[in-house]
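Predicted, not measured: the structure shown is a model, and the values here were computed from it.
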Amino acid sequence: MGLATWEKLDAGDEKTEETKKESLTIDQVVDKIYKGINIKLLLVFIAATGTNTQTAAQVYMTIFTGFIPYSEWTCVSEKCLNLFAESNYSQAFYTAKPMCTNQLVAGTDFNWTSERTSFSMDWGIYCESESKLSVVSSFFFIGAFIGLVSSTAVFDRFGRKKGAVIGNFIAGIATICATWCPSYEVMLAVRVLQGIGMFMNLTGIYCWAVEFSPTYLRGSLSAFILIMWSVGYVIIVLIGYLIPYWRYIFLVTGALNFVLLIPILFIFPISPRYALVRGREEEAKRILKSFSQVCDNEKALDMDRVELIYTTRVQNFFEQFRDFKEYPSLRKQTLLCFICWFAVAFLFYGFDFGWGKISKDLYTSYLFAALGKVLSFAITIPACHFLGRKRAVQFFLMFGIIFFFLAMTDVQITEEWTLEFAACLVGSIVTSSAYAINYLYTSELAPTTHRGTVMSLSSSCARIGSFSGIYTTLLYDITDRRVPLALFAGMTIVYMVAVSFLNDTTGKNIPETPYDVEVLAGNEKYQPVENGVDKMKLETA
């Protein structure tokens, strides 16, 4: 054989080597790209999740824009002055009980003396009409429910990023318009629009971030996203404290929506997982290649030589719902997630709108609660690492039950602190930790093709729990204080039972389709299949 022949064979071998493809799943590609956290990557995730701070800010802003200053008023009528005299001119007279028991009327019997403004004072919301404040707060969750149900189709049809951007625009415009809100009825409409927008944004950004995350970082990233959310809680407490005019609080908060939206709108791409299930492999590769540059790991993979293993899945909203009937494990775990989300949201927001009843100082109590949220989300990182998703949730819920029962005892620790407040603060922290893991847990259980739908519907159930939880604060005024605490303990037990029936997702790959869910759940009728087979059309035994 001549030299020319050998050279030709060598050239052929080199060409074959160059064109050889490496078959990898999206999880394997993402795991190879990440080599650790760097400043550039951290800034990307901070910028991407920045709008989540606005969800917390808009949820809680009615606490500070609609507060009722029951200790800041003075008598102006003869009736009120006579009652004040009967109390021996005690400053303890200027509380809610004398005002409400004697049916004193603002502007006639007394005037507010607070240096801060609130729409409750402007629109006569106090005493018998105090429930209107709870209604205003809870209408946010009616909007959230509407937004999440409608966004199930948006996320899986148009993508996580577009859904998040649309939601942010809706909420931002509504919040700025509230600066000129003329009445209680218009405020209800504003709250609905805020809820629609911000929970579309929160869920879209969460799905986007988790789908960019490698397996070993999902627990940390989930906690990080919710830490950003809790930063918004701290921000609205500070805005409420620093700005004494309720209308300006709405203006500043709404403006922040658009400032924080800039990087998402102009810099960040769509999720590569979403691009794959829509059949856009080359686009997914371009996104992954650019993301490797952010990770300072461009040499990790040659995306031109990677063949992504995936199943194309293009469905409409109604076709997705038929899958819940066809795939039993998908149906079971989704229904259990609904229960978990309802219970944890009931606990989460039942506390968050009740600190004014448990503690006397509005801003101090809510600042402690906000910082407690930051702590609760941060401790989920080591908890998930050492215990796994399922055991970590059960661990936190067990402590929650203990501290809710402990809070029922009457013990005064200091002049400002009671055992009830301290135990409730710890109980709130541990249930918030469970809430944080719940986001990660659900997103890992749900397949990519249905993740937007499952997350949106689960969060919709949470909004029902949120709406209900807010009204538990009214129980403090009409029943023994142990009743709402017993309700919290009971709801925690329900949550714990539901979690016990879910599979643990720790260290496992994210399912891409309902078929993958059945395989991961150990359903013997469904066996792993190779790339190129349409899993959705396989005949099962």
Worksheet item: How about Phe64 and Trp246: are their ring centres within less than 6.0 Å of each other?
Response: no
Discussion item. Using the side chain to side chain contact (heavy atoms under 4.5 Å, CB included) criterion, which residues pair with Leu43? Sequence neighbours excluded.
Written reply: Ile39
Discussion item. Quick check: Phe338 with Phe342 (ring centres under 6.0 Å apart)?
Written reply: no
Practice prompt. Can you see which heavy atom on Met408 is nearest to which on Leu485, and at what distance?
Written response: CE-C, 3.8 Å
Worksheet item: Hey, mind stepping through Tyr495 and Asn438 against side-chain hydrogen bond (donor to acceptor under 3.5 Å, both in side chains) and telling me if it holds?
Response: CA-CA 11 Å; Tyr495 183 15; Asn438 210 46; 3.2 Å; yes
Worksheet entry | Contacts of type side chain to side chain contact (heavy atoms under 4.5 Å, CB included), residue Ser114, not counting sequence neighbours | Phe67, Pro69, Glu72, Arg116, Met121
Discussion item. Under the side-chain hydrogen bond (donor to acceptor under 3.5 Å, both in side chains) definition, can you give me all pairs with a residue in residues 251-270, not counting sequence neighbours?
Written reply: Gln54-Asn257, Gln58-Asn257, Asn168-Asn257
Worksheet item: Can you name the closest pair of heavy atoms from Trp208 and Ala48 and give their distance?
Response: CZ3-CB, 3.6 Å
Item to complete: Could you tell me which non-hydrogen atom of Tyr245 sits nearest to which non-hydrogen atom of Thr117, and how far apart they are?
Response: CA-OG1, 3.2 Å
Discussion item. Testing the basics here: between Val374 and Ser230, what is the closest heavy-atom pair and its distance to 0.1 Å?
Written reply: CG2-OG, 3.3 Å
Practice prompt. Just jot down the ring-ring contact (aromatic ring centres under 6.0 Å, His included) partners of Phe396, sequence neighbours excluded, or say none.
Written response: none
Practice prompt. Check the angle between the aromatic planes of Phe399 and Phe403 and answer parallel, tilted or perpendicular using the 30° and 60° thresholds.
Written response: parallel
Worksheet item: Can you list the residues that meet the side chain to side chain contact (heavy atoms under 4.5 Å, CB included) rule with Ala189, with sequence neighbours excluded?
Response: none
Worksheet item: What's the spacing between Gln194 CD and Phe141 CZ if we round to 0.5 Å?
Response: 11.0 Å
Worksheet entry | Ser120 side, atom OG; Ile125 side, atom CD1 - distance, nearest 0.5 Å | 4.5 Å
Practice prompt. Could you pull out the closest heavy-atom pair between Ile249 and Ile243, with the gap in Å?
Written response: CD1-O, 3.6 Å
Response to the item:
Taking every heavy atom of Ala57 against every heavy atom of Ile236, the minimum-distance pair comes out as O-CG1, 3.5 Å
Fill in: Ring centers of Phe258, Phe169 separated by less than 6.0 Å
yes
Worksheet item: How long is the gap from CZ on Phe140 to CG on Leu193, to the nearest 0.5 Å?
Response: 11.0 Å
Discussion item. Using only atom types and a distance under 3.5 Å, with no angle test, would you say the side chain of Arg463 pairs donor to acceptor with the backbone of Ser458?
Written reply: no
Worksheet item: Relative to the ring of His450, is the ring of Phe324 parallel (under 30°), tilted (30 to 60°) or perpendicular (over 60°)?
Response: perpendicular
Item to complete: Can you run down the side-chain hydrogen bond (donor to acceptor under 3.5 Å, both in side chains) pairs that involve residues 380-400, sequence neighbours left out, and say none if there aren't any?
Response: Arg389-Glu444
Worksheet item: How long is the gap from CZ on Phe199 to OH on Tyr206, to the nearest 0.5 Å?
Response: 13.5 Å
Worksheet item: Using the ring of each side chain (for Trp, its six-membered ring), is Phe404 parallel, tilted or perpendicular to Phe488, with breaks at 30° and 60°?
Response: tilted
Worksheet item: Do the two ring centres, one from Tyr439 and one from Trp341, sit under 6.0 Å apart?
Response: yes
